[in-house]
**Student:** 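Structure provided below as structure tokens; questions to follow.
All values derive from a computational prediction rather than experimental measurement. Numbering starts at 1 and runs along the sequence shown.
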Amino acid sequence: MVARQDLMEGQVAPHVLVVDDDPRLRRLLQRYLFEHGFRVSVAASAADARSSLEGIQPDAIVLDVSMPGENGLELTRALRAAGQDLPILLLTARGEPADRISGLESGADDYLGKPFEPRELLLRLKAHLRRNQPAPASDNLRVVRLGDKEFDPARMLLAGPRGNIHLTGGEAALLAVLARRPNEVFTREDIAKAMDMGEIGERAVDVQVTRLRRCIEPDPREPRFLHTIRGRGYVLKPGL
């Protein structure tokens, strides 16, 4: 169900789909996000979420990992495979680093362990929604050439000979960070801060890099453009 429609700063409020089999948590998040200016839809399972997505296009999804039937990781992979690039934030009672990495490898943008403070969820959602917004034209950002592909940081758009190439919000954000200062080495800490990923851990940056290389490199195992600088971090080297 959609809680409400309203305006935030003159624009339609962001729409979040909350997917969790715990009715108490669904009600809590629906009320809390509604009170902070979001439109909210809820679903009790992956199947319910799929039905909801046939009729709505949310701006972000908050998704429980441990649900009966199709779990959150499986649904995340399916949504990414179907071309959904909206931010996906996973919720789980399993907060070990390996579990977080599994979530990010599935295509999620963020990972929040239960129990959590609703305000932390709110701040992370806002950060991901900001990240997904195109940069202002005043930034005067240049298009970056990556072989037969081009990335426009202002529009967060990667294009190739056959048209636009799908990037998740996290992949586009990472490429935008590196493309704004090509040929400059970024540490993992620098990237995590620039992408509002500090709370997830620098290991998450490596996961995003691996995913991004699959999109921009002719052979991700032998990178031509996104290089690892041992002991320092990563650098984007545009070229033909």
**Student:** Flag the pair R26 and D20 as a salt bridge only when some basic side-chain nitrogen lies within less than 4.0 angstrom of an acidic carboxylate oxygen.
**Tutor:**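 Here R26 does not pair with D20 in a salt bridge, since their nearest N and O are not under 4.0 Å apart.
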**Student:** Excluding sequence neighbours, so at least two apart, what forms side-chain hydrogen bond (donor to acceptor under 3.5 Å, both in side chains) with E189?
**Tutor:** K193
**Student:** Taking salt bridge (Lys or Arg N to Asp or Glu O under 4.0 Å) as the definition, give me every residue that meets it alongside E150, ordered by chain and number, with sequence neighbours left out.
**Tutor:**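 Checked E150 against salt bridge (Lys or Arg N to Asp or Glu O under 4.0 Å); matches are R145.
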**Student:** Distance check, rounded to the nearest 0.5 Å: L157 atom CG versus N164 atom CG?
**Tutor:** 4.0 Å
**Student:** Who passes salt bridge (Lys or Arg N to Asp or Glu O under 4.0 Å) against E74, sequence neighbours left out?
**Tutor:** none
**Student:** Quiz question: by atom type and distance under 3.5 Å, do the side chains of D85 and H166 form a donor-acceptor pair?
**Tutor:** no
**Student:** Which atom pair, heavy atoms only, marks the closest approach of L33 to L125?
**Tutor:**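 Here L33 and L125 meet closest at CD2-CD1, 3.9 Å.
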**Student:** Which residue in the set L86, D59, I88, L53 passes side chain to side chain contact (heavy atoms under 4.5 Å, CB included) when paired with L17?
**Tutor:** L53
**Student:** Under 3.5 Å, is there a donor-acceptor pair between the side chain of R124 and the main chain of H128?
**Tutor:** no
**Student:** Enumerate the salt bridge (charged side-chain N to carboxylate O under 4.0 Å, His left out) contacts for residues 220-233, please, sequence neighbours excluded, ordered by first and then second residue.
**Tutor:**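 Every salt bridge (charged side-chain N to carboxylate O under 4.0 Å, His left out) pair that includes a residue of residues 220-233, provided the two are not neighbours, is D219-R221.
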**Student:** Mind running salt bridge (Lys or Arg N to Asp or Glu O under 4.0 Å) on R142 and D152 for me, showing each step along the way?
**Tutor:** CA-CA 7 Å; R142 295 183 179 180; D152 184 345; over 6 Å; no
**Student:** Any chance you could measure I229, atom CD1, to T187, atom OG1, to the nearest 0.5 Å?
**Tutor:**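 Those atoms lie 12.5 Å apart.
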**Student:** Got a sec, which pairs hit salt bridge (charged side-chain N to carboxylate O under 4.0 Å, His left out) with one end in residues 48-57, sequence neighbours left out?
**Tutor:** R50-E70
**Student:** Give me the atom names and distance for the closest heavy-atom approach of A108 to Q208.
**Tutor:**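 That would be O-NE2, 4.4 Å.
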**Student:** Can you name the side-chain hydrogen bond (donor to acceptor under 3.5 Å, both in side chains) partners of R188, sequence neighbours left out?
**Tutor:** D206, Y234
**Student:** Does one side chain, of R211 or T168, offer a donor that lies under 3.5 Å from an acceptor on the other?
**Tutor:** yes
